[in-house]
Amino acid sequence: MKIRAVKGMNDILPEEARKFQRVERVFRETVECYGFRELRTPLVEDLSLFHKSTGETSEVVQKQMFLLDRSDERLALRPEGTPSAARVYIGNKMQAREPVTKWFYIGPMFRAERPQRGRYRQFYQAGCELYGDPGPICDAEMIDMLYRMTQKLAIPGCQVLINTLGGAEARLAYRTRLVEFFEPNKSALSEHARARLLDNPLRILDSKDPRDQEACAGAPMLLDCLTPQDAEHFSMVQAALRDLGTPFVVDPRLVRGLDYYTRTCFEIVSTGGEIGSQSALLGGGRYDGMLEGLGGEPTPAIGFAMGLERILLAMGSANTQEEPPLCFIAPLGSSTFGACLKVASRLRESGVWVELDARGNSLKSMLRRANNMGARVALVMGDAELEGGTIQVKNLTGHDSTTVSQQDAPLHVLALLHRKDQTSEAIS
Ligand code: AMP
């Protein structure tokens, strides 16, 4: 029987991994400039954490949890990073240590979904959480930071969507109005949406089912239920975004899939690249009530998560990662291994990527391998070079070669690797 990878869980081979690394590097560099510091948490949590935070009525908790059932404990693979960070914040009494806490994380998340392009059962998220600031300025700064990151990554066709979900009071009022709106016509809704009508009618607005989309036409807007304080908060987010020069669109239908959001919520979508229908690159929002619900002090909080696979799809072929230059060492016979190892060590100490081929193959086959690997320089050492304390330096792009002392070899290699024209006249 052939052993296959689990459906919706992808292997990331080295070429692809380099693309991930680049996005992760840009993410880190960007968020560190805004004061976010890295938090690492386990992949496995107590299932109840997600029930209490992600929300009992969210699709993720209802349908997509990967459970690890053991006789004495109910554990789950994390479907998102926010609950774990909240647990750490509360458990470490962070609010007593510092007024504002800013964390970021990068890592795999697990959701038992039906896999499709841009939607997997294991995927990577990079996200930030900010505790202790009720906004609205930090909300705008976070959105602006993300927009700038998408620009740095040159992701085509990005659009920032924002909305407010209001505070608890507005949500309650809105919920009542939505139920009143859908109730008389509920037979037109999908079965799924009818169930939502009882537990979380806001989610009906998010439904992809055409019946629900039709039924949503003319539904009341949350913006009409906001308290004056909610409205003021939202208009200040928008004013700050204008000050920052971040383009955005207010999308009154943006509700986000998780239960805990309050006030500001946002998404960045892309229409470019190879992303297809899963166009949301990242999403987030304020969750001022969650920490209290988890047994912590009342703490305002805002965060987001971006899907790395989606970012890569949206970048498409724009994300070409050049490999650093490679130097290939071809020893001709085991007597030269010792001297070649020494040259390799010195080159690696200077930061050069070195491939030493000590399998005992012919020079021709070693040089073919060097070319296939994209090496720019090959160093060849036979018995004659060994005796003379020298080594041949072959410029694989200029196809010329020279013999230099083993002592000087690293200097010659570095000069060749860092030259644009790739001919060796200038190194003598
Ligand atoms: P969420 O945690 O659901 O708010 O999603 C935040 C971001 O994570 C989305 O905008 C996607 O980029 C990414 N994401 C969520 N679910 C998946 C999935 N199943 N596969 C790939 N990326 C995902």
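Numbering of ligands and ligand atoms starts at 1, following listing order.
Within the 4.0 Å heavy-atom cutoff, Glu309 does not count among the residues contacting ligand 1. No heavy atom of Glu80 sits closer than 4.0 Å to any atom of ligand 1.
Contact annotation: for Leu281 versus ligand 1, heavy atoms closer than 4.0 Å belong to the backbone alone. At a heavy-atom cutoff of 4.0 Å, ligand 1 is contacted by the side chain of Gln125 but not by its backbone.
Within 6.0 Å of CD in Glu191 there are 12 or fewer heavy atoms belonging to other residues, nucleotides or ligands.
A heavy-atom distance below 4.5 Å is found between the side chains of Thr176 and Glu180.
In summary, the atoms of ligand 1 found under 4.0 Å from a heavy atom of Leu282, numbered by their order in the structure, are 10 (O).
Ranked by closest heavy atom to atom 19 (N) of ligand 1, the top entry among Glu113, Met109, Arg111 is Glu113. Between Gly303, Ala305, Pro79, it is Ala305 that holds the heavy atom closest to atom 7 (C) of ligand 1. Across Phe110, Phe123, Tyr261, heavy-atom proximity to atom 18 (C) of ligand 1 is greatest for Phe123.
Here's the thing with Met306: none of its N/O atoms is less than 3.5 angstrom from an N/O atom of ligand 1.
Checked against ring pair (Phe, Tyr, Trp, His ring centres under 6.0 Å), Phe304 has no partners two or more places apart in sequence or in another chain.
A salt bridge links Arg263 with Asp230; the closest basic N to acidic carboxylate O contact falls under 4.0 Å.
Side-chain contact check for Glu98 and Thr101: at least one donor-acceptor pair (N or O, by modelled atom type) lies under 3.5 Å. Of the N and O atoms on the side chains of Glu129 and Tyr287, at least one donor lies less than 3.5 Å from an acceptor on the other residue.
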